[in-house]
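Structure record follows, encoded as structure tokens.
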Amino acid sequence: MPVSSSATAVSPSLPPGIGLMRLKFLLLSALSTEWAFRQAWRLFTSPRPLPTKKWEAAALAEARQFWVPVGGSQVAAYEWNPGGMRTLLLVHGWEHRASFWGTMVRPLVAAGFRVVALDGPAHGASPGTRTTLPAFGAAVQAVADALGEVYGVVAHSFGGAAVAGIPVRFNEATGGQLPRLVLLAVPASTTAVAQRFAALLQLRPAVMARIGRHVREQHGRDAESFSLLHMGHQLPVGRALLLHDHADASIPFSEAEAIAASWPALDFRSTTGLGHNRIMRDAGVIEQVAAFLA
């Protein structure tokens with residue numbers, strides 16, 4: 001199964017144009033599984049550039065932008081409070097960008113942390129139009145290596161899947177342990193993500209099987225091997241916290257419960273009424289995150 005897109009919600013109110021997309025893939029599949037695979041994979045790995053929100057400029061106004069090489073390209077990164085004693089890395093989700101952390105940055109800076117966030121490949125100011133989970137993870141790895149000692153990571157959704165599912169390695173020069181990890185609204189299984197994508201577009205099993213073969217050919221491992229269900233409890237972290245909302249329409253709460261069941265040492269906390277994205281900006285959540293990182 002694919003390892004690129006964040007979970008796609010299948011809701012009673014379907015996105016505009018989804019009927020035409022389903023018809024397109026029905027016709028493509030009838031003509032050629034290979035053609036349908038190529039179009040599905042392109043769609044799955046192409047984040048939409050969301051309109052810039054008014055508060056984003058203010059979120060970055062106090063940050064220093066810098067660039068980190070990743071392979072033959074680069075990603076944009078932003079640093080707040082460079083004199084902070086301990087470094088935190090914030091990793092956004094699918095179709096988000098570093099500025100989406102604006103509400104959380106200020107309390108973390110006030111707590112004395114040096115805070116860094118990146119625009120993942122094909123997100124924000126970083127170049128590109130397509131990315132995958134391994135490519136996103138490689139970008140996070142490059143930023144982490146450039147930062148030196150990282151005390152904590154806060155990651156949302158797809159970003160959490162990249163950090164904990166690839167996984168990204170932190171502090172290799174000093175033993176390889178990450179003291180603190182906070183995961184917000186992360187998917188448990190890459191297969192489940194793929195199944196939601198397939199259900200949304202009504203993709204035929206042969207197309208999804210072809211995508212699964214593509215992942216194995218490209219990365220030498222099955223997509224499900226990137227899942228938090230398999231990797232989470234193996235991560236070398238001092239303490240880990242997972243927050244997930246009961247009303248998350250993108251990633252079911254049951255996936256968070258599955259992660260918690262597979263990871264006995266995980267501190268698992270639920271929220272109510274915040275959904276998939278507001279959990280990043282909620283004052284109560286931010287207070288819990290700051291206390292956990294302290």
Side-chain angles (χ1 to χ4, degrees), residues 59 62-64 66 68 75 77-93 96-120 136-137 139-186 228 231-244 256 259-260 263 265-269 271 279-294:
E62 299 176 1
R64 176 185 72 91
F66 62 102
V68 178
V75 292
Y78 307 83
E79 179 187 43
W80 294 263
N81 191 29
M85 294 298 293
R86 294 181 294 186
T87 298
L88 301 179
L89 177 59
L90 311 184
V91 185
H92 67 76
H96 284 192
R97 42 194 173 249
S99 53
F100 279 47
W101 289 110
T103 305
M104 188 174 289
V105 165
R106 289 187 181 92
L108 297 178
V109 166
F113 289 105
R114 172 198 183 202
V115 180
V116 176
L118 73 150
D119 288 335
F136 203 97
V140 178
Q141 184 71 68
V143 173
D145 292 343
L147 294 179
E149 192 77 10
V150 176
Y151 174 75
V153 173
V154 183
H156 176 248
S157 191
F158 178 80
V163 168
I166 295 298
V168 177
R169 303 295 181 185
F170 297 93
N171 308 324
E172 293 281 275
T174 56
Q177 187 179 71
L178 179 70
R180 297 288 185 272
L181 173 64
V182 178
L183 300 170
L184 305 175
V186 295
L228 265 73
M231 299 304 301
H233 66 281
Q234 302 180 48
L235 298 176
V237 298
R239 292 177 60 200
L241 169 67
L242 170 65
L243 289 125
H244 203 108
I259 294 172
W263 191 344
L266 183 68
D267 184 345
F268 174 41
R269 307 176 192 177
T271 63
I279 196 170
M280 299 172 64
R281 304 186 296 273
D282 178 74
V285 168
I286 293 173
E287 183 178 353
Q288 290 184 66
V289 170
F292 181 82
L293 294 169

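Keep in mind that this is a model prediction, so the values were computed, not measured.
Smallest separation of non-hydrogen atoms from R86 and A294: NH2-C, 3.9 Å. In this structure, A59 and S99 approach most closely via the heavy-atom pair CB-O, 3.6 Å. Pairing each heavy atom of H244 with each of A185, the nearest pair is ND1-CA, 3.5 Å. The nearest pair of heavy atoms linking G137 to I166 is CA-CG1, 4.2 Å. When all heavy atoms of N171 and P179 are compared, the pair lying nearest together is ND2-CD, 3.9 Å. Taking all atoms of both residues into account, the shortest heavy-atom contact from R169 to P236 is NH1-CD, 4.2 Å.
Classified by interplanar angle (parallel below 30°, tilted 30° to 60°, perpendicular above 60°), the ring pair F136/H92 is perpendicular. Taking the six-membered ring where the residue is Trp, W101 and H156 present perpendicular rings, their angle passing 60° and hence far from 30°.
Residues V289 and P107 have side chains not in contact (no heavy-atom distance under 4.5 Å, counting atoms from C-beta outward). Contact annotation: the side chain of V153 never approaches that of V140 to less than 4.5 Å [non-hydrogen atoms, C-beta and beyond]. By the 4.5 Å heavy-atom criterion applied to side chains, V163 and L181 are counted as neighbours. In this structure the side chain of L235 reaches within 4.5 angstrom of the side chain of W263, judged on heavy atoms.
Partner of L184 under the side-chain contact (heavy atoms from CB on, under 4.5 Å) criterion, out of L242, T271, L241, V154: V154 alone.
To the nearest 0.5 Å, atoms CG (L118) and CZ (R97) are separated by 13.5 Å. Atom CG in D282 sits 8.5 Å away from atom CD in Q288 (nearest 0.5 Å). A distance of 8.5 Å separates CE in M104 from CD1 in I279, rounded to the nearest 0.5 Å. Between atom CG of residue L89 and atom CZ of residue R114 there is a gap of 10.0 Å, rounded to the nearest 0.5 Å. Separation of atoms CE (M85) and CZ (F113) is listed at 11.5 Å; rounding is to 0.5 Å. The line from CZ of F66 to CG of L147 is 5.5 Å long, rounded to the nearest 0.5 Å.
Within 6.0 Å of CD in E287 there are 12 or fewer heavy atoms belonging to other residues, nucleotides or ligands.
Distance alone, capped at 3.5 Å, is enough to place a donor-acceptor pair between the Y151 side chain and the L293 backbone. A donor-acceptor pair under 3.5 Å is absent between the side-chain atoms of D119 and the main chain of V75, judged by distance alone. Remark: side-chain polar atoms of E62 are not paired, donor with acceptor, to backbone N or O of W80 under 3.5 angstrom.
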What's the verdict on side-chain contact (heavy atoms from CB on, under 4.5 Å) for L228 and L183, showing C-alpha distance, side-chain angles and the deciding distance? CA-CA 11 Å; L228 265 73; L183 300 170; 3.8 Å; yes
